[in-house]
Amino acid sequence: EVQLQASGGGLVQAGGSLRLSCAASGFTFDDYVIGWFRQAPGKEREGVSCISSSDGSTYYADSVKGRFTISSDNAKNTVYLQMNSLKPEDTAVYYCAATPYSIVVVTNWYIQYEYDYWGQGTLVTVSS
């Protein structure tokens, strides 16, 4: 059974940092693409970042480039999202998702419907 467990959310002041973790089980980690999405109140879920576990390729939304860093520890089947210089507009529930690797998936990494498996969300609140 595929399981994704997101953790690490919390309350932080603007300019602060948080590191989210996504622990995965039930599939061959190296063959998958892992993405982070977020959904703010009243808004649609949006892609934040993605990593291809097989080759380490990473992708970011323009809104987080230079502030967020995605990484993976394949030995631990865990993907991290280091979030620095947080802004109030980063406030959202953050979700990790996984799907088998393909060129189509990495091309459309920011589209939630490309992902087969989802973890529960973790809330990030950035105060001004």
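Nothing here was measured: the structure is a model prediction, and the numbers come from that model.
- Leu4 and Tyr80 fall into different hydrophobic clusters, where Ile, Leu, Val, Met, Phe, Trp and Tyr residues are linked whenever their side-chain heavy atoms come under 4.5 Å apart, directly or through other members.
- Side-chain rings of Tyr110 and Phe37 stay apart, their centers remaining 6.0 Å or farther from each other.
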Starting from the C-alpha separation in whole Å, work towards a yes-or-no answer on side chain to side chain contact (heavy atoms under 4.5 Å, CB included) for Val124 and Thr91. CA-CA 5 Å; Val124 172; Thr91 294; 5.8 Å; no
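- Gln82 is listed as a side-chain neighbour of Ser17, based on a closest heavy-atom distance under 4.5 Å.
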Step by step, work out the side chain to side chain contact (heavy atoms under 4.5 Å, CB included) result for Tyr95 and Arg45. CA-CA 9 Å; Tyr95 300 88; Arg45 192 171 296 185; 3.6 Å; yes
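- Among all heavy-atom pairs drawn from Ser128 and Ala14, the shortest one is CA-CB, 4.3 Å.
- With values rounded to the nearest 0.5 angstrom, Ser49 atom OG is found 9.0 Å from Phe68 atom CZ.
- Between atom OG of residue Ser53 and atom CG of residue Asp30 there is a gap of 6.5 Å, rounded to the nearest 0.5 Å.
- Remark: side-chain polar atoms of Thr125 are not paired, donor with acceptor, to backbone N or O of Leu11 under 3.5 angstrom.
- A chain of hydrophobic side-chain contacts below 4.5 Å, direct or via other Ile, Leu, Val, Met, Phe, Trp or Tyr residues, connects Ile103 to Val105.
- Interatomic distance, Gln5 CD to Thr78 OG1, rounded to the nearest 0.5 Å: 10.5 Å.
- The SG atom of Cys22 sits 11.5 Å away from the CD1 atom of Ile51 when rounded to the nearest 0.5 Å.
- In this structure the side chain of Lys65 never reaches within 4.5 angstrom of the side chain of Arg67, judged on heavy atoms.
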Please walk me through it: do Cys50 and Val33 pass side chain to side chain contact (heavy atoms under 4.5 Å, CB included)? CA-CA 7 Å; Cys50 161; Val33 171; 3.1 Å; yes
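- Judged purely by atom type and a 3.5 angstrom limit, Asp73 uses its side chain to pair as donor or acceptor with the backbone of Lys76.
- One distance of note links CD1 of Ile34 with OH of Tyr115; it measures 8.5 Å at 0.5 Å rounding.
- In terms of hydrophobic clustering, with Ile, Leu, Val, Met, Phe, Trp and Tyr side chains grouped at heavy-atom distances under 4.5 Å, Tyr117 and Tyr113 are assigned to different clusters.
- Trp36 and Trp109 sit in two unconnected hydrophobic clusters of ILVMFWY residues. Membership requires side-chain heavy atoms under 4.5 Å apart, directly or through other members.
- For Tyr94, the side-chain hydrogen bond (donor to acceptor under 3.5 Å, both in side chains) partners two or more places apart in sequence, or in a different chain, are Arg38.
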Chi angles and distances behind the side chain to side chain contact (heavy atoms under 4.5 Å, CB included) call for Val79, Ile70: CA-CA 7 Å; Val79 169; Ile70 192 169; 3.8 Å; yes
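- Side-chain contact between Leu18 and Leu86 is present, with heavy atoms from C-beta onward closer than 4.5 Å.
- Looking at Tyr60, its side chain never comes within 3.5 Å of a backbone N or O of Gly66 through a donor-acceptor pair.
- Leu20 and Tyr32 end up in the same hydrophobic cluster when Ile, Leu, Val, Met, Phe, Trp and Tyr side chains are linked at under 4.5 Å.
- Here the CD-CH2 distance, from Gln112 to Trp118, works out to 5.0 Å after rounding to the nearest 0.5 Å.
- Within the 3.5 Å criterion, the main-chain N or O of Val126 finds no donor-acceptor partner in the side chain of Gln13.
- When side chains are defined from C-beta on, Pro100 counts as touching Asp116, because their heavy atoms get closer than 4.5 Å.
- A salt bridge is defined here as a Lys NZ or Arg NE, NH1 or NH2 lying under 4.0 Å from an Asp or Glu carboxylate O, and Lys87 with Asp90 fails to meet this definition.
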